[in-house]
Amino acid sequence: MMSIAVFASGSGSNFEALVERSRKQHWPQPISLLLCDKPQAKALERAERLRVPAVAFHPKEYKDKAAYEQDVLHCLQEHNIEWIMLAGYMRLVGPTLLEAYPWRILNIHPSLLPAFQGKDAVRQALEYGVRWTGVTVHWVDEGMDTGPILDQKPVLVEPHDTMETLQRKVQFVEHNLYPAVMYKLLTGRILPPDPSSMELKEEQQ
């Protein structure tokens, strides 16, 4: 059976939310792998508790991104992975994986993209003083949080909010929005673009 891999670099709270929702809703494709680029990440502890197979890579041990991603790709193929869900994966996806999984890689970002791309998006929103921030689920392309948007949900930034309170509100939305979008994809309520459209985009650049 084809299945789903989640990539994470940190605590893995989105990973756990995805696994729990996938089991509750009986997704037609299970989450069968956690892949982590930080061997000490807490996400690996969650995977063990949830009984999801996990593998950790050491990117610094590779000569370049292509070599690292080639090993990652072999691992994904061994586990019959069809979809990749980035969940706090703090590494840009390179051509090796993008070409192997055209329009099959999703990411969740804690802002209303295109606002506050990159790291510390919640902090950026709080320091900038916006009234609204939010959460975005988008397709992954070669840029940093630049892929086509699948869905977004706003989060109100209140005057008394701190980093901790705003982060909790954003995570609450993340833990509901991301599995909802994935479920729609798996059940055909959202259709991915034709893979050739990504190839055409590359040719035009």
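Note that the structure is predicted; figures quoted are calculated from it, not measured.
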Would you confirm whether T136, through its side chain, and S111, through its main-chain N or O, come within 3.5 Å as a donor-acceptor pair? yes
Please say whether more than 12 non-hydrogen atoms of neighbouring residues, nucleotides or ligands are located less than 6.0 Å from CZ in R49. yes
Spatial distance of atom CG (L191) from atom NZ (K184) [nearest 0.5 Å]: 13.0 Å
Test of understanding: clusters of I, L, V, M, F, W, Y form through side-chain heavy atoms closer than 4.5 Å, transitively. Do L113 and V122 belong to the same one? no
Contact summary for S9 and C36, nearest pair of heavy atoms: CA-SG, 4.3 Å
Can you see which heavy atom on P39 is nearest to which on A56, and at what distance? CA-CB, 3.9 Å
L185 and P192, any side-chain heavy atoms less than 4.5 Å apart: yes
I need the I84 CD1 to L35 CG distance, nearest 0.5 Å. 8.5 Å
Hey, does the side chain of T96 reach the backbone of E69 with a donor-acceptor pair shorter than 3.5 angstrom? no
Could you tell me whether the side chain of H109 and the main chain of F116 form a donor-acceptor pair under 3.5 Å? yes
When rounded to the nearest 0.5 angstrom, what distance separates CG in L177 from CG in N14? 10.0 Å
Donor-acceptor pair, R123 side chain versus M163 backbone, under 3.5 Å? no
Please report the closest heavy-atom contact between M144 and G118, naming both atoms and the distance. SD-CA, 3.5 Å
For the atom pair CD (E48) and CG (L34), what is the distance rounded to the nearest 0.5 Å? 12.0 Å
Does the side chain to side chain contact (heavy atoms under 4.5 Å, CB included) test come out yes or no for M85 and F7, once each step is laid out? CA-CA 6 Å; M85 303 183 74; F7 286 22; over 6 Å; no
Would Y89 and N107 count as a side chain to side chain contact (heavy atoms under 4.5 Å, CB included) here? Give the steps. CA-CA 9 Å; Y89 183 66; N107 184 47; 5.9 Å; no
pair K38-P59: side-chain heavy atoms closer than 4.5 Å: no
Does the pair E142 and V93 meet the rule for a side chain to side chain contact (heavy atoms under 4.5 Å, CB included), with working shown? CA-CA 7 Å; E142 66 280 356; V93 176; over 6 Å; no
Going from CG on L92 to NZ on K65, what distance comes out if it is rounded to the nearest 0.5 angstrom? 5.5 Å
To check you understand the geometry: which heavy-atom pair defines the closest contact between A100 and L73, and what is its length? CB-CD1, 3.6 Å
Check: K169 side chain, L156 main-chain N or O, donor-acceptor pair, under 3.5 Å: yes
Can you give me the closest heavy-atom contact between R131 and P159, atom names plus distance? NH1-CD, 4.3 Å
Between E20 and L50, is there a donor-acceptor pair closer than 3.5 Å when you use the side chain of the first and the backbone of the second? no
Over-ring placement of R91 relative to Y68, 6.0 Å and 45° cut-offs: yes
Run S11 and R46 through side chain to side chain contact (heavy atoms under 4.5 Å, CB included) and show every step you take. CA-CA 8 Å; S11 71; R46 293 182 192 258; 4.2 Å; yes
Would you call C75 and F57 a side-chain contact if the rule is heavy atoms closer than 4.5 Å? yes
Report the distance from atom NZ of K24 to atom NE2 of H26, rounding to the nearest 0.5 Å. 10.5 Å
So do the side chains of F15 and V52 get within less than 4.5 Å of each other, counting heavy atoms only? yes
Do the side chains of I81 and Y101 get nearer than 4.5 Å, heavy atoms only? yes
Is D71 reaching over with its side chain to a backbone N or O of A67, donor-acceptor style, under 3.5 angstrom? no
With a 4.5 Å cut-off on side-chain heavy-atom distances among I, L, V, M, F, W and Y, is there a chain of contacts connecting L44 to M90? no
Does one hydrophobic cluster hold both I190 and V137, with members joined at side-chain heavy-atom distances below 4.5 Å? yes
Does any part of the side chain of P148, heavy atoms only, come nearer than 4.5 Å to the side chain of H138, both counted from C-beta? no
Run the side-chain hydrogen bond (donor to acceptor under 3.5 Å, both in side chains) test on Q25 and W27 for me, step by step, so that the C-alpha distance in whole Å, both residues' side-chain angles and the decisive distance to 0.1 Å come before the verdict. CA-CA 6 Å; Q25 293 182 316; W27 286 5; 2.8 Å; yes
For Q77, does the CD atom sit with more than 12 other heavy atoms under 6.0 Å from it, leaving out its own atoms? yes
Treat each ILVMFWY residue as a node, draw an edge where side-chain heavy atoms are under 4.5 Å apart, and state whether M2 and I4 are in one component. no
Which heavy atom of G10 sits nearest a heavy atom of A41, and at what distance? O-CB, 3.5 Å
Do the side chain of D161 and the main chain of E158 share a donor and acceptor less than 3.5 angstrom apart? yes
Is the side chain of Y183 donor-acceptor paired with the backbone N or O of Y178 at a distance under 3.5 Å, no angle test? no
Given side-chain hydrogen bond (donor to acceptor under 3.5 Å, both in side chains), test N80 with S3 step by step and report yes or no. CA-CA 6 Å; N80 295 318; S3 57; over 6 Å; no
Do L106 and L86 make a side-chain contact, defined as non-hydrogen atoms from C-beta onward lying under 4.5 Å apart? no
Any donor-acceptor pair under 3.5 Å linking the side chain of D145 with the backbone of Q117? no
Verify side-chain hydrogen bond (donor to acceptor under 3.5 Å, both in side chains) between H175 and S13, making sure each step is shown before the conclusion. CA-CA 8 Å; H175 295 171; S13 67; 3.3 Å; yes
I149, I105: one ILVMFWY side-chain cluster at the under-4.5 Å cut-off? no
Minimum side-chain heavy-atom gap Y62-Q70 below 4.5 Å: no
